[in-house]
Amino acid sequence: MRLSKFFIPTLKENPSDAFFPSHILMIRAGMIKQLTAGVYSYLPLGLIVFRKIEKIIREEMNAIGCNEFLLPALSPNELWEQTGRLDAFGDIIFRIKNRDLILAPTHEEVFATIAKPNLVSYKDLPQMWYQIQTKFRNEARPKSGVLRARQFTMKDAYSFDLDYNGLDVSYKLQEQAYRKIFTRCGLKFFSVEAASGTMGGNESMEFMVESDAGEDIVAISEDGTYASNIEVATAYPEIVERKNTNLPYEKFHTPNVKSIAELADFLKIKDKSRLAKSRVFVIDKQKENQENEYILTLVCGDDEVNESKLEAILGTKIRQGHPDELIEITGADAGSIGPIGLKSKNIKIIADLKLKDSDELISGANINDYHIKNIDLKRDVKDIIYKDIRVVKENDLTLKTKSRIRISKAIEVGHIFKLGTKYSESLGVKYLDKDGKEQLIVMGSYGIGLERIAAAFIEQNNDDKGIIWEGEIAPFKVHLISLEQGIISETSDLIYNNLKEKNIDVLYDDRKDVRAGFKFNDADLIGIPLQIIVGEKFLKDKKIEIKIRRTNERILVNYDDLINKIVELIR
RNA sequence: CGGGAUGUAGCGUAGCCUGGUAGCGCGCAUCGUUCGGGACGAUGAGGUCGCCAGUUCGAAUCUGGCCAUCCCGACCA
């Protein structure tokens, strides 16, 4: 491609509303342009990169026998009502105003409607289907460029199996394909255990790229044996040891003490582990004649409650109690709540494993400005349940190997789910087995965010000059820079044609009246791995300069050896 | 959805407090000089100052409403 004909609006200055390197550089290198919040136009250079990622994904999906489809983005409301996801997704779904249609945020339902009349016998299974298609999600807060957009490209795949053993096989195939895809895309990635959220199902795995621009938080062990999304991460519980002093519990006055930090200050202590932190959660009633359920959680003062773990334990959505509810339920405001003397009897108490049978604890008295000391959970709190409900912290140890845990931010580039029968049940996707008995098809679902791969790659591969492409997803292999007219232009044209003959993707900066420095800076910004610089300085000795973008290393080669050297460097 | 900020030429911004000719840098056009790390000089084009209403002789500037964008949080395959 000749740069004189290529539309690539590079920018010298940083756009004012971009903060992360990938966002800044994708705009500055002319890859994308924002149309409105969370919606981007893909410009030629960006599209070339996205297409290369698509090609890798397509090849790896086809390699495991996955069939490519292309489903519509529009989809009837009715279909989504059948699985209950019109409500479950809520505001995240874009709705068409003048038709009962939605813009699909994912495609389980639509694929299932194809499966239903066609996968009817055990002989039809298993099947794996996928598409690479535009998804629409009405994100409340789009951010960080293409990392969280309202319109984006996803590879979504679905497996249909006879039973759970079959699902395990399909899931494993997808997992292996994912590892190949991300490796070929040049990402430094890792996989983590994950929560499945509104997708349903039990087991799920996320593929993560560590980056400050990421929105997920992960716990990673130093010995490399453990990595998990913080939502489901567990650590070795350092039990708060019993002292067995058997002191009676005692109420004491704590004026204006509202938080654990203030309580520690008031008591002049540093170790907050015996200051049991209480929080009240509510499960809203499902029907009119039911009552709300309340849960009081206890964790060590320096820990936090992990609400997603709590939801998993309870098997339902929870919410934090409103301030006016708290008084009603406990008798006190947040800050003076504890496990003893609760006003309402209908409260389930769940304590973290670290507090198992602990004594000499201090917690709220359920009377404003009072706390209780010498609480012995074993002695004083009946019907207490111990569960792992805390958020894993930096320097915690892993459960199995006691390796130190690090907390980091990460970009989720892929997510695979063992869905099970959630959709086949609600949509009636069944087959007849060998014995002529009706069975539910067991499904899996597998997603990759295309643009996120590109953004994650740039997050991991950039410097103060720009992007540093490498490997298969580089938009071009070589950036040929011609520095003058006359003989230099002729030589450059020759090199350009030779490279094209060798099928080497080359971007040729043949622009006239553009000064050298401008071309060099554009080249570093766009970040093609190899630069060939043709200028008078070396051409007078029949030499051509090759610059390696990543290392800034410069290699001088004889004109006649250039193509061979380039072929060698690309390999 | 809650909190905060911003909106002035294609991009980055000053001016707003204290109302009176809309300014600068980059980019763009023409000419000349320059020509291996975002050149220099000269001339020039480009603006409903986010939108609507109000106050005023007069509003980019003051007031109110709306819209948009960004940041923090909530939410979130």
Side-chain angles (χ1 to χ4, degrees), chain A residues 9-20 23-24 27-28 30 33-39 85 88-93 104-108 135 137-145 147-150 152 154-158 192 194-201 204-208 214-217 229 231 307-308 311 317 319-320 411-419 422 444-449 452 464-466 481-486 488 509 511-526 531 533-540 544-545 547 552 554:
Chain A
T10 57
L11 295 176
K12 187 169 154 183
E13 284 172 295
N14 283 351
S16 63
D17 49 14
F19 286 82
F20 291 104
H23 188 192
I24 293 169
I27 293 170
R28 283 195 50 207
K33 172 150 174 59
Q34 180 173 323
L35 182 62
T36 183
V39 180
R85 291 216 294 183
F89 271 114
D91 210 35
I92 208 82
I93 295 192
T106 173
H107 279 79
E108 280 77 8
K135 296 282 185 275
R137 291 187 192 178
N138 185 23
E139 294 288 350
R141 182 149 99 85
K143 57 181 286 199
S144 312
L147 281 175
R148 177 186 281 267
R150 291 197 171 129
F152 59 98
M154 180 184 264
K155 186 287 301 181
D156 47 324
Y158 305 86
V192 301
S196 41
T198 49
M199 295 301 304
S204 103
M205 182 188 281
E206 287 170 330
F207 292 85
M208 294 290 195
E215 298 186 278
D216 285 85
I217 301 181
N229 193 308
E231 289 178 354
E307 294 178 30
S308 28
E311 287 186 343
K317 274 264 177 206
R319 64 171 173 85
Q320 191 168 214
I411 299 167
E412 178 192 346
V413 288
H415 199 159
I416 60 179
F417 298 88
K418 288 188 181 176
L419 289 180
K422 174 174 170 162
S445 147
Y446 316 90
I448 291 180
R452 276 190 181 180
D464 57 344
K465 302 288 262 179
I481 301 168
S482 174
L483 287 187
E484 251 293 350
Q485 299 174 26
I488 289 172
D509 195 344
R511 291 175 295 183
K512 312 291 178 203
D513 304 321
V514 177
R515 297 166 58 86
F518 203 99
K519 291 188 174 186
F520 291 144
N521 282 313
D522 257 359
D524 289 346
L525 173 62
I526 298 165
Q531 295 173 15
I533 303 163
V534 187
E536 203 190 352
K537 190 167 155 189
F538 301 117
L539 192 60
K540 61 180 193 293
I544 306 284
E545 183 180 355
K547 178 180 140 178
N552 210 30
R554 285 155 201 275

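A note on names: the letters A, B, ... follow the listed sequences, proteins ahead of strands, and every chain is numbered from 1. Below, all heavy atoms of this structure are taken into account, side chains as well, without hydrogens, waters or symmetry copies.
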Participant: Asp509(A) CG to C35(B) P: how many Å, rounded?
Facilitator: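 After rounding, the gap between these two atoms is 19 Å.
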Participant: Determine the contact category for Asp91(A): base if any of its heavy atoms lies under 4.0 Å from a base atom, sugar-phosphate if only primed atoms, P, OP1 or OP2 are that close, otherwise nothing.
Facilitator: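 No contact at all - Asp91(A) keeps every heavy atom at 4.0 Å or more from the nucleic acid.
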Participant: May I ask you to say whether Glu108(A) pairs ionically with Arg85(A), meaning some side-chain N is under 4.0 Å from a carboxylate O?
Facilitator: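 Yes, Glu108(A) and Arg85(A) are salt-bridged.
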Participant: Let me spell it out: for each of Val534(A) and Gln34(A), pick the nucleotide of RNA chain B with the closest heavy atom. Which residue's pick is nearer the 5' end?
Facilitator: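 In this pair, the answer is Val534(A).
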Participant: If you compare every side-chain N and O of Gln320(A) against the phosphate oxygens of A74(B) (OP1, OP2), does one of them come in below 4.0 Å?
Facilitator: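 Checking Gln320(A) against A74(B): no side-chain N or O falls below 4.0 Å of OP1 or OP2.
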Participant: What does Phe538(A) touch in the nucleic acid at a heavy-atom separation under 4.0 angstrom: a base, only the sugar-phosphate, or nothing?
Facilitator: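 Base, at least one base atom sits under 4.0 Å.
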Participant: Name the nucleic acid region contacted by Lys519(A), choosing base, sugar-phosphate or nothing; use a 4.0 angstrom heavy-atom cut-off, strictly under.
Facilitator: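 Contact class for Lys519(A): none.
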Participant: Check every strand shown and say whether Ala140(A) touches a base, only sugar-phosphate, or nothing at a heavy-atom separation below 4.0 Å.
Facilitator: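 Answer is base: heavy atoms of Ala140(A) come under 4.0 Å of a base.
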Participant: Does a side-chain N or O from Arg515(A) land closer than 4.0 Å to OP1 or OP2 of A39(B), or not?
Facilitator: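 Yes, within the criterion.
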Participant: Could you list all N or O pairs between the protein and nucleotides 7-16 of chain B that sit under 3.5 Å apart?
Facilitator:
unit_1	atom_1	unit_2	atom_2	d
G12(B)	OP1	Ser16(A)	N	3.4
G12(B)	OP1	Ser16(A)	OG	3.2

Participant: Using a 4.0 Å heavy-atom cut-off across all strands, classify Glu412(A) as base, sugar-phosphate, or nothing.
Facilitator: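 Sugar-phosphate only.
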Participant: Does Glu545(A) get its side chain close enough to the base of G36(B), under 3.5 Å, for a donor-acceptor pair?
Facilitator: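 Yes, the side chain and the base share a sub-3.5 Å donor-acceptor pair.
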Participant: Please determine, for C51(B), whether a Watson-Crick or G-U wobble partner exists with both distances under 3.5 Å, and give it or none.
Facilitator: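 C51(B) is paired with G65(B).
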Participant: Tell me what Arg452(A) touches on the nucleic acid: a base, only sugar-phosphate, or nothing, going by heavy atoms under 4.0 Å.
Facilitator: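 No contact.
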Participant: Relative to the 5' end of RNA chain B, which residue comes earlier, His107(A) or Asn552(A), by the nucleotide with the nearest heavy atom?
Facilitator: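 Its nearest nucleotide being more 5', the pick is Asn552(A).
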